[in-house]
Amino acid sequence: MGLSTASEHVKVLREAGLIATGRMGREAVHTVTPLGAALSRTGCCARPSVPDPGR
């Protein structure tokens with residue numbers, strides 16, 4: 001994944017309130033918010049399983 005693609009994904013997650021971003025020196029530090037953690041635990045955002053075409 002390219003840097004611009006990753007940055008766009010981070011922006012969407014941050015705007016949705018699922019992650020928070022801070023700085024530690026020159027590094028960006030992303031942390032999961034309580035909302036993001038709660039949604040992650042529920043499995044609401046999990047990808048549906050896709051059958052393996054080789055089977």
Side-chain angles (χ1 to χ4, degrees):
M1 174 183 304
L3 184 58
S4 62
T5 303
S7 294
E8 189 63 29
H9 283 278
V10 167
K11 177 184 171 193
V12 170
L13 293 171
R14 190 173 45 247
E15 289 175 351
L18 302 178
I19 65 169
T21 303
R23 288 231 168 252
M24 187 173 280
R26 292 180 53 184
E27 302 291 322
V29 178
H30 308 288
T31 55
V32 177
T33 64
L35 174 61
L39 289 173
S40 175
R41 282 192 298 273
T42 66
C44 73
C45 303
R47 290 185 192 165
S49 58
V50 178
D52 184 355
R55 289 189 172 184

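Remember, it's a predicted structure, so these values are computed and weren't measured experimentally. Counting from 1, the numbers follow the sequence of the chain as shown.
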Exercise. Does Leu3 offer a backbone N or O that forms a donor-acceptor pair with the side chain of Ser7 under 3.5 Å?
Worked result: yes
For this session: Would you give the length of the straight line joining atom OG1 of Thr33 to atom CG of Leu13, rounded to the nearest 0.5 angstrom?
Result: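 These two atoms lie 9.5 Å from each other.
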Quiz: residues 19-32 side-chain donor-acceptor pairs under 3.5 angstrom, not counting sequence neighbours:
residue, atom, partner, partner atom, Å
Thr21, OG1, Arg14, NH1, 3.0
Thr21, OG1, His30, ND1, 2.9
Arg23, NH1, Arg26, O, 3.0

For this session: Just jot down the side chain to side chain contact (heavy atoms under 4.5 Å, CB included) partners of Thr5, sequence neighbours excluded, or say none.
Result: Met1, His9
